[in-house]
Visitor: 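Dropping the structure in here first, questions after.
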Amino acid sequence: MALQIFNSYSRQKEIFTPITPGHAGMYVCGPTVSGESHLGHARPYITFDVIYRYLLHKGFKVRYVRNITDAGHFEEEGREAEDKVSKKALLEKLEPMELVQKYSNLFHWAMLQFNCLEPSIEPTATGHIIEQISMIEKIIEEGYAYVVNGSVYFDVKKYAEKYPYGKLSGRVIEDLLETTRNLDGQEEKRDKADFALWKKAPPEHIMRWKSPWGEGFPGWHIECSAMATKYLGTRFDIHGGGMDLQFPHHESEIAQSTICNHEAPVNYWVHNNMITIDGRKMGKSYNNVIKLTELFTGTHPLLTQAYSPMTVRFFILQSHYRSTLDFSNDALLAAEKAFKRMWEAHETLQQLPLPPNESGNDPALESKLNGLLMELESFMDDDFNSAKVLANLFEIVPVINSFKDKILSTHDVGSGLIKLMKQHFKTYLEDIFGLKNSSEADNDKLKAVMNLLIDIRKESKSKKDFITSDKIRNQLLEQGIVLKDEKGGDMSWYIQ
RNA sequence: GGUCCUUUGGCCGAGUGGCUAGGCAAAGCUCUGCAAAAGCUUCUACAGCGGUUCGAAUCCGCUAGGGACCUCCA
């Protein structure tokens, strides 16, 4: 079946046809490592991790490039345009690179928690100053950029005469030219819509590099163009990022690369929607962020408890990546329970013994299960609809539990279908969705101790010595270990 | 102000012009020494008003609410 991707550029779903058959190149805008990641940041990384995993699952050889922005963009604070990274560094009395290192480490730690695969290449902006400078030189040569007082600006008006500037983000160039924004450097620009490729560094600016135009630092958008071109070529398959980056970041990327490379850089633009909180985008401008460390430890006023990275991952997967996802403590609580139920069923399924008969004797059940399994790929092929995949898997959960409790027999469906179920659950939950058991129960010594306690409890129960049996269960619970009696006398346990 | 998006049952969330996901919560039943699970059943929604259609939550228009971008932002 053919994979379809919603292309933000054309605003419709398109069949994914890679430039090089069997290969896929994907660039995703990575973090600016000037601060701690929050829940909102988690969405693109998990979304594109799943897209990466799914492309791999489809058999593509993927080069996944995700940059680290460590040079800092300037932001408007008061009137002074400043380098975000160096400003924070002054405040915290740290070297810029020390700050970058700290938050890079923290970011990588968070990605590990979320079980995100590492990108193939993780280039840094500061490591590609030369590439950015030569790209800017090329744009000047082509006549689409001009130098003013040591800064270089992109000539949007001229570009728009020949190319559809604004198409990706749905802007009208005339409106952009009229925008009455009062930003730093505005008086240097020929038009208000122009954007900086290189900025002259004021004396107090720590991060600065020599360039043909004097000492300065790269503009907002050039790093992604330079690094994407270097590692994926002048034209590549997929470019991802948050919807809020469409304009001006991605729009400008298109313009820069188009002039420099004489072709539009990207075939499929993919944008994830925002995570909202009380209906509002989570973002530092709104002062409503929940940092990942706060989420994992439960130390935020809005949280009643800590939530595991897998709960967050599951929460995100339960909605479609192009919809806004509203955060609340209740929603996470629900996701936690849902994930637990799904994961237990998954583990039960994997341990289910195969019946001797290859095919079953309950055609209705068989065809229902088969149908649910067969749909999974078509859901993912339809613009990565993880929510629908999970819905189908949830429909199978009661069947699995019924097998466990002997309400249904695996003979009814046969070993062929059981194998298929095992394979699909593993493929979708683990390989594609990147979920994993979040408990620390993978400890052989603990398992041995638990087996001993279970034996004792079974013995005391059989002697109707409920005082002993309850003591074992209750005291384990105090330690955060939940012991459950299963049907048929077996017992299972898990760490809360 | 401009551009665009959105509004689904107690909550979160899929969604296609007709067959009305899924999760959480709630209620009842079954199982059970108790507990927890688990199983079964129940709860039928699409902001409002018009229109198109044999038929619309799904298409169109208007009204109302919410939001995003236009400025660093995932």
Side-chain angles (χ1 to χ4, degrees), chain A residues 11 28-32 34-35 37-48 72-77 81-82 84 166 169-172 174-176 178-184 193 220 240-249 271-276 278-286 289 314-315 318-320 322-328 330-342 344-345 348 379 385-395 397-402 404-408 461 464-466 469-470 473-474 477 482-487 492 494:
Chain A
R11 288 150 207 270
V28 175
C29 290
T32 300
S34 62
S37 297
H38 58 74
L39 176 60
H41 296 111
R43 172 102 108 146
Y45 304 131
I46 289 170
T47 296
F48 290 104
H73 299 312
F74 36 80
E75 63 182 355
E76 187 191 26
E77 202 138 331
E82 301 192 53
K84 198 194 293 178
S169 54
R171 298 300 125 133
V172 183
E174 286 74 24
D175 294 346
L176 292 172
E178 283 166 20
T179 306
T180 52
R181 272 259 147 199
N182 197 14
L183 295 174
D184 178 70
W220 315 350
M243 269 183 186
D244 48 356
L245 294 180
Q246 255 182 31
F247 190 90
H249 186 58
H271 291 100
N272 63 277
N273 215 319
M274 303 292 107
I275 285 183
T276 59
D278 293 324
R280 252 205 137 74
K281 172 184 162 185
M282 186 181 287
K284 52 181 166 291
S285 338
Y286 297 116
V289 301
F314 194 85
F315 172 65
Q318 269 189 305
S319 72
H320 189 264
R322 279 192 292 111
S323 305
T324 55
L325 173 57
D326 200 43
F327 164 87
S328 69
D330 284 350
L332 269 192
L333 216 50
E336 182 182 73
K337 290 198 169 185
F339 172 58
K340 183 165 166 288
R341 182 172 145 86
M342 175 63 75
E344 282 184 7
T348 301
F379 290 156
N385 199 326
S386 56
K388 280 192 135 185
V389 169
L390 285 177
N392 266 28
L393 294 180
F394 267 116
E395 288 209 58
V397 165
V399 178
I400 294 170
N401 286 329
S402 295
K404 182 182 72 170
D405 293 341
K406 308 281 195 291
I407 295 167
L408 288 172
K461 268 188 71 175
K464 302 234 183 279
D465 175 11
F466 297 124
S469 66
D470 283 353
R473 189 176 63 196
N474 294 339
L477 188 62
V482 179
L483 194 62
K484 291 192 302 193
D485 292 350
E486 300 290 345
K487 293 207 170 60
S492 64
Y494 64 89

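Because only heavy atoms are used, hydrogens play no part in the values below, and waters and symmetry mates are left out as well, while side chains stay in. Note that the coordinates shown come from a computational prediction; the quantities given were computed from them, not determined experimentally. Proteins get letters first, then strands, A, B, ... in listed order; numbering begins at 1 in each.
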Visitor: With the side chain of A:Q318 defined as its heavy atoms from C-beta on, choose the nearest nucleotide among B:G23, B:G33, B:A74.
Guide: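 The answer is B:G23, which lies nearest to the side chain.
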Visitor: So which nucleotide from B:C12, B:C69, B:G39 ends up closest to the side chain of A:I407?
Guide: B:G39
Visitor: Looking only at the side chain of A:P398 (C-beta and beyond, no hydrogens), which of the listed nucleotides B:C73, B:C40, B:G22 gets closest?
Guide: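 Of all the options, the side chain of A:P398 is nearest to B:C40.
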Visitor: Decide yes or no, distance alone: a donor-acceptor N/O pair under 3.5 angstrom between the base of B:C34 and the side-chain of A:D485.
Guide: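 Indeed, a donor on one side and an acceptor on the other fall under 3.5 Å apart.
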Visitor: Check this one for me: any side-chain N or O of A:R11 less than 4.0 Å away from OP1 or OP2 of B:C4?
Guide: no
Visitor: Starting the side chain at C-beta, find the nucleotide from B:G23, B:A74, B:C34 nearest to A:M282.
Guide: B:A74
Visitor: Answer with base, sugar-phosphate or nothing: what part of the nucleic acid does A:S402 contact at a heavy-atom distance below 4.0 Å?
Guide: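 Sugar-phosphate contact only.
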Visitor: Reckon A:N474 touches a base, only the sugar-phosphate, or nothing at all at heavy-atom distances under 4.0 Å?
Guide: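 No contact at all - A:N474 keeps every heavy atom at 4.0 Å or more from the nucleic acid.
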Visitor: For B:U71 and B:A64, measure between their P atoms and round to the nearest Å.
Guide: 28 Å
Visitor: For A:E395, answer base if it contacts any base atom (sugar-phosphate contacts may also be present), sugar-phosphate if it contacts only those atoms, and nothing otherwise; contact means non-hydrogen atoms under 4.0 Å.
Guide: sugar-phosphate
Visitor: Do A:S319 and A:R43 come close enough that some side-chain heavy atom pair is under 4.5 Å?
Guide: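 Side chain of A:S319 against side chain of A:R43, heavy atoms only: contact under 4.5 Å found.
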Visitor: Could you work out which one of B:A36, B:G13, B:C34 sits closest to the side chain of A:R473?
Guide: B:C34
Visitor: For A:K461, answer base if it contacts any base atom (sugar-phosphate contacts may also be present), sugar-phosphate if it contacts only those atoms, and nothing otherwise; contact means non-hydrogen atoms under 4.0 Å.
Guide: base
Visitor: For B:A35, which nucleotide in any strand shown is its Watson-Crick or wobble partner with both distances under 3.5 Å?
Guide: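 Partner of B:A35: none found under 3.5 Å.
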Visitor: Looking across every strand, which nucleic acid part, if any, lies under 4.0 Å from A:L332 by heavy atom: base, sugar-phosphate, or nothing?
Guide: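 Counting heavy atoms under 4.0 Å across all strands, no contact is made by A:L332.
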Visitor: A:I46 CD1 to B:A74 P: how many Å, rounded?
Guide: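 Result: 15 Å.
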Visitor: Rounded to whole Å, how long is the line connecting atom CZ of A:F314 with atom P of B:C12?
Guide: 17 Å
Visitor: When the P atoms of B:U8 and B:G67 are compared, how many Å lie between them, rounded to an integer?
Guide: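 Per the computed distance, 14 Å lies between those P atoms.
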Visitor: Describe the nucleic acid contact of A:F48 in one word from base, sugar-phosphate, nothing, applying a heavy-atom distance below 4.0 Å.
Guide: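 Result for A:F48 = nothing.
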Visitor: Let's test this: given Watson-Crick or G-U wobble pairing with both distances under 3.5 Å, identify the partner of B:U53.
Guide: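 Partner of B:U53: none.
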Visitor: Starting the side chain at C-beta, find the nucleotide from B:G22, B:A14, B:A74 nearest to A:P44.
Guide: B:A74
Visitor: Indicate, yes or no, whether a donor-acceptor pair under 3.5 Å links the base of B:G22 to the side chain of A:N392.
Guide: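 Per atom types, no contact qualifies.
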Visitor: Can you tell me how the ring of A:F339 sits relative to the ring of A:F314, calling it parallel under 30°, perpendicular over 60° and tilted otherwise?
Guide: tilted
Visitor: For A:Y286 and B:G67, is the shortest distance between a side-chain N/O and OP1 or OP2 below 4.0 Å?
Guide: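 So the side-chain polar atoms of A:Y286 never come under 4.0 Å of the phosphate oxygens OP1 or OP2 of B:G67.
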Visitor: Tell me which nucleotide among B:C12, B:A74, B:G67 gets nearest to the side chain of A:H38.
Guide: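 Nearest to the side-chain atoms of A:H38, counting from C-beta on, is B:A74.
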Visitor: Around atom CG of A:D278, are there more than 12 heavy atoms from other residues, nucleotides or ligands closer than 6.0 Å?
Guide: no
Visitor: Rounded to the Å, how far apart are A:D326 CG and B:U8 P?
Guide: 11 Å
Visitor: Between A:K340 and B:G23, is there a contact of a side-chain N or O with OP1 or OP2 at under 4.0 Å?
Guide: no
Visitor: Please examine the side chains of A:P31 and A:H41, heavy atoms only from C-beta on, and report whether any two atoms are closer than 4.5 Å.
Guide: no
Visitor: Supply the atom-to-atom distance A:R341 CZ to A:K337 NZ, rounded to the nearest 0.5 angstrom.
Guide: 11.5 Å
Visitor: Base, sugar-phosphate, or nothing for A:G279, non-hydrogen atoms under 4.0 angstrom?
Guide: sugar-phosphate
Visitor: Rounded to whole angstrom, note down the P distance from B:C70 over to B:C60.
Guide: 27 Å
Visitor: Could you give the CD-to-C1' distance, from A:E344 to B:G23, as a whole number of Å?
Guide: 15 Å
Visitor: Using atom CG of A:N401 as one end and atom P of B:A36 as the other, report the distance to the nearest whole Å.
Guide: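 Spelled out: CG on A:N401 to P on B:A36 is 17 Å.
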Visitor: Can you find a pair of side-chain heavy atoms, one from A:K281 and one from A:T324, that are under 4.5 Å apart?
Guide: no
Visitor: Under 5.5 Å between ring centres and under 30° between planes: does that hold for A:F466 against the base of B:G33?
Guide: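 Per 5.5 Å and 30° rule: yes, stacked.
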Visitor: Please work out if A:A338 contacts a base, only the sugar-phosphate, or nothing of the nucleic acid, heavy-atom cut-off 4.0 Å.
Guide: sugar-phosphate
Visitor: Could you check A:L332, A:L333, A:I46 and say which one makes a side-chain contact (heavy atoms from CB on, under 4.5 Å) with A:F315?
Guide: A:L332
Visitor: Side chain of A:K484 only, please: which of B:G23, B:A37, B:G15 is the nearest?
Guide: B:A37
Visitor: Measure from the side chain of A:F315, starting at C-beta and using heavy atoms only, and say which of B:C12, B:A21, B:A38 lies closest.
Guide: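 Selected nucleotide (nearest to the side chain): B:C12.
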Visitor: Can you find a side chain N or O atom of A:K337 that sits less than 4.0 Å from OP1 or OP2 on B:A25?
Guide: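 Answer yes for this pair, as a side-chain N or O of A:K337 is under 4.0 Å from OP1 or OP2.
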Visitor: Could you measure between the two P atoms, the one in B:U52 and the one in B:U20, and give it in whole Å?
Guide: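 Rounded to whole Å, the distance is 28 Å.
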Visitor: Nearest whole angstrom, please: distance from the P of B:A38 to the CE of A:M342.
Guide: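 It is 12 Å, rounded to the nearest whole Å.
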Visitor: Using a heavy-atom cut-off of 4.0 Å across all strands, would you classify A:S328 as base, sugar-phosphate, or nothing?
Guide: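 If one applies the 4.0 Å heavy-atom cut-off, A:S328 turns out to touch nothing in the nucleic acid.
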Visitor: CZ of A:R171 versus C1' of B:C5: gap in Å, rounded?
Guide: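 Roughly 12 Å, once rounded to whole Å.
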Visitor: How long is the line joining OH of A:Y494 and P of B:A37, in whole Å?
Guide: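 About 7 Å, once rounded to whole Å.
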Visitor: Taking pairing as Watson-Crick or G-U wobble with both contacts under 3.5 Å, can you name the mate of B:C40, or confirm there isn't one?
Guide: B:G28
